[in-house]
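Chain identifiers are assigned alphabetically (A, B, ...) following the order of the sequence lines, protein sequences preceding nucleic acid strands; residue numbering begins at 1 within each chain.
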There are 2 protein chains.
Amino acid sequence: MELLKIYECLCDRTRLRLLNLLSHGPLCVCHFQEILGEPQVKISKHLAYLRARGLVDVERQGSWMIYELPFKPSRELRANLACLQDCAAEEAVFRRDLARLRKVDLACAPVAAVRRTGARGRCC
Amino acid sequence: MELLKIYECLCDRTRLRLLNLLSHGPLCVCHFQEILGEPQVKISKHLAYLRARGLVDVERQGSWMIYELPFKPSRELRANLACLQDCAAEEAVFRRDLARLRKVDLACAPVAAVRRTGARGRCC
DNA sequence: GATTCATATTCCTTTGCAGGTATATGTTTC
DNA sequence: GAAACATATACCTGCAAAGGAATATGAATC
């Protein structure tokens, strides 16, 4: 994966927040909405942007779309995501997002479980 | 330093090349021109961009402007520059630039020496 | 099968560069 | 101090991409 493409994905605040969250596991769109507090279109378009460039994968689960980091990320991507995670720990926005992530994970069935069991219901 | 600002600086190929070179020591503008083979305006404007955001420092030495990485980079900047250097080693453009850098360093008096001794003359 | 839910896509407007040309500024040299 | 050199700035054009509103798609539910 070309290095420049990675940085192009990282140079937007919303996308940084999305990737920061995804570093902790797969998530569906409504979770992102809930956590970021941003309109659905915005989230959806940035996820499409990331997807088009191979930074995230998607899998449909019923009517939910579950996004996650690639299973086998390239060396460059891995290095940069590690770097991001390291640096994000120092900035309030990202820490707040992670705090909200924990709450959501308690409220909703974690995506991983949904996948395994196929359990559904309303999301957020 | 805000993480997003760093990535905004990294999301352009020319700036990546400049920073890659600067990771190996200070350089003046004409060296960048020589190595990148890009017009002076382009180089100069990208250096100004980086400077305005604190990614590089400048020092005038006679009629030359010597650019270098900040003496005390922030934690985030340090991490990302390390990551860049690591990843850049895998991509041809960056390796070619470094090869040319070595030649320029032999041909011109290295910038560091110029600074110490004040030795001058024509540059490139 | 109509409705609701979850998400994506289209269309539009605005904005931030990127790149080029021309010109300005500051420095050295003769 | 005029000319040559090194670099920066102003101005213009084009384009990608961000954000919002409206709409489309596709799945689940009743």
For nucleotides 20-23 of chain D, tabulate all protein N/O to nucleotide N/O atom pairs closer than 3.5 Å, reporting atom names and distance.
unit_1: dG20(D); atom_1: O6; unit_2: Lys45(A); atom_2: NZ; d: 2.5

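- Rounded to a whole Å, the CE atom of Met65(B) is 12 Å from the P atom of dT28(C).
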Inset, instruction - Could you please spell out the steps behind the side chain to side chain contact (heavy atoms under 4.5 Å, CB included) verdict for Glu38(A) and His46(A)? - result: CA-CA 11 Å; Glu38(A) 298 276 6; His46(A) 281 295; over 6 Å; no
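- Looking only at side-chain heavy atoms (C-beta outward), Cys11(B) and Leu10(A) stay at 4.5 Å or farther from each other.
- Rounded to whole Å, the distance from CG on Leu36(A) to C1' on dA18(D) is 15 Å.
- Distances shown here put every side-chain N or O of Ser63(A) at or beyond 4.0 Å from the OP1 or OP2 atom of dT7(C).
- What separates CG of Leu47(B) from P of dT9(D) is a distance of 11 Å, to the nearest Å.
- Counting non-hydrogen atoms under 4.0 angstrom, Phe32(A) reaches nothing in the nucleic acid.
- The backbone N or O of Glu8(A) sits less than 3.5 Å from a side-chain atom of Arg15(A), completing a donor-acceptor pair.
- Taking atom NE2 of residue His31(A) and atom P of nucleotide dA6(C), one finds them 10 Å apart after rounding to whole Å.
- Side chains of Ile66(A) and Val58(A) form no contact here, defined as non-hydrogen atoms less than 4.5 Å apart.
- Listed nucleotides: dA8(D), dA8(C), dA18(D). Nearest to the side chain of Arg15(A): dA18(D).
- Between the CD atom of Glu8(A) and the C1' atom of dA17(D) there is a distance of 11 Å, rounded to whole Å.
- Taking OH of Tyr67(B) as the start and CG of Leu55(B) as the end, the distance is 13.0 Å to the nearest 0.5 Å.
- Between Glu59(A) atom CD and dA27(D) atom C1' there is a gap of 15 Å when expressed in whole angstrom units.
- One atom, CD of Gln61(B), and another, P of dG26(C), lie 18 Å apart when rounded to the nearest Å.
- For the pair Phe32(A)/Val104(A), no side-chain contact is recorded, criterion being any heavy-atom separation below 4.5 Å from C-beta on.
- Taking atom CG on Asp12(A) and atom P on dA16(D), their separation rounds to 17 Å, with Å as the unit.
- Look at His46(A) and you won't find any side-chain N or O under 4.0 angstrom from OP1 or OP2 of dA17(D).
- For Arg95(B) (side chain) and Ala89(B) (main-chain N/O), a donor-acceptor pair under 3.5 Å exists by modelled atom type.
- Each of Arg60(A) and Tyr49(A) has a nearest nucleotide on DNA chain D; the 5'-most of these lies closest to Tyr49(A).
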